[in-house]
Amino acid sequence: MTGRRLKPQQRREHLLDTGATLFAENGVVFPDWKPVDLTVWPAENGLFQHYRREGANVHTGKKVSFYSISFVETNDDAQITHWSTYVDDDVHGPFLKTAIGACGPCHADEYMRVLARHFEKHSITL
């Protein structure tokens, strides 16, 4: 897509595909993990989203749900240049610890390294 500006709808679709990939890690412990509410507002250089996800722990049956808000900035080729997500750590921290065996705060590429180890351990390929 180099050399052309993407329309806001194209940016949203690209970013949501990327976001879905990042949440593939939840399927081992939370196989029914899913979005239950998503509101997206386009911006000239990306988007803002308010997202609620939920799922039941396969081992305990306990349902977990949390909201997040994200600010995503992209360049003209829809490549993400900045992504900030904010969650209530009282809920999200224990969820991550259960889902992937680690929780934040994560710095630099630490989260992606944790995911890589989790994917390898459970033979998950994307």
Side-chain angles (χ1 to χ4, degrees):
M1 293 190 197
T2 303
R4 71 182 179 98
R5 189 168 187 81
L6 294 177
K7 296 177 182 174
Q9 179 64 30
Q10 291 169 307
R11 285 180 187 228
R12 281 193 303 273
E13 289 169 2
H14 178 79
L15 293 172
L16 292 175
D17 286 346
T18 302
T21 299
L22 290 175
F23 284 94
E25 79 273 17
N26 304 326
V28 174
V29 178
F30 296 91
D32 66 340
W33 190 250
K34 63 189 171 290
V36 291
D37 183 40
L38 171 64
T39 306
V40 179
W41 295 271
E44 180 62 27
N45 62 337
L47 61 86
F48 168 81
Q49 70 181 15
H50 182 257
Y51 210 169
R52 186 168 71 89
R53 301 166 185 91
E54 71 179 22
N57 182 317
V58 72
H59 304 294
T60 66
K62 182 179 177 186
K63 185 177 274 190
V64 174
S65 176
F66 65 84
Y67 285 93
S68 66
I69 58 170
S70 296
F71 302 95
V72 182
E73 294 179 40
T74 62
N75 62 20
D76 289 343
D77 295 322
Q79 295 171 323
I80 297 169
T81 58
H82 178 83
W83 187 324
S84 297
T85 298
Y86 303 90
V87 295
D88 178 353
D89 197 49
D90 290 341
V91 177
H92 191 254
F95 162 78
L96 276 183
K97 187 71 172 168
T98 301
I100 63 173
C103 61
C106 295
H107 304 284
D109 67 345
E110 184 179 354
Y111 182 70
M112 298 309 285
R113 288 183 307 195
V114 168
L115 286 183
R117 287 192 303 271
H118 177 73
F119 287 174
E120 183 176 334
K121 175 180 177 184
H122 296 283
S123 302
I124 297 171
T125 59
L126 300 176

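In this chain, numbering begins with 1 at the start of the sequence shown. Just so you know, these numbers use all the heavy atoms, side chains as well, and skip hydrogens, waters and symmetry mates.
- When only modelled atom types and interatomic distance are considered, Arg53 and Ser65 share no side-chain donor-acceptor pair under 3.5 Å.
- In this structure, Tyr86 and Ser68 have side chains that are not in contact, with every pair of non-hydrogen atoms separated by 4.5 Å or more.
- The closest side-chain heavy-atom distance from Gln49 to Leu38 is below 4.5 Å.
- Under a 3.5 Å cut-off, the side chain of Asn75 and the backbone N or O of Ala78 do form a donor-acceptor pair.
- Residues Tyr67 and His50 have side chains in contact (heavy-atom distance under 4.5 Å, counting atoms from C-beta outward).
- Looking only at distances, no side-chain donor or acceptor of Asp32 sits under 3.5 Å from a matching main-chain atom of Gly55.
- Using modelled atom types, one side-chain atom of Thr81 and one backbone atom of Glu73 make a donor-acceptor pair closer than 3.5 Å.
- Taking 4.5 Å as the limit, every side-chain heavy atom of Pro42 sits out of range of all side-chain heavy atoms of Leu47.
- Aromatic pair Phe48/Trp83: centroids not less than 6.0 angstrom apart.
- Residues Pro31 and Ala56 approach most closely at CD-O, 4.1 Å, considering heavy atoms.
- Taking the side chain as every heavy atom from C-beta outward, Val72 and Ile80 approach each other to under 4.5 Å.
- Put simply, the side chain of Asn57 gets close to the backbone of His59: a donor and an acceptor are under 3.5 Å apart.
- Side-chain N or O atoms of Ser84 include none that pairs as donor or acceptor with a backbone N or O of Ser70 at under 3.5 Å.
- The aromatic rings of Phe95 and Phe30 are tilted relative to each other, their planes meeting at an angle between 30° and 60°.
- Annotation: salt bridge (charged side-chain N to carboxylate O under 4.0 Å, His left out) contacts of Lys34 (sequence neighbours excluded): none.
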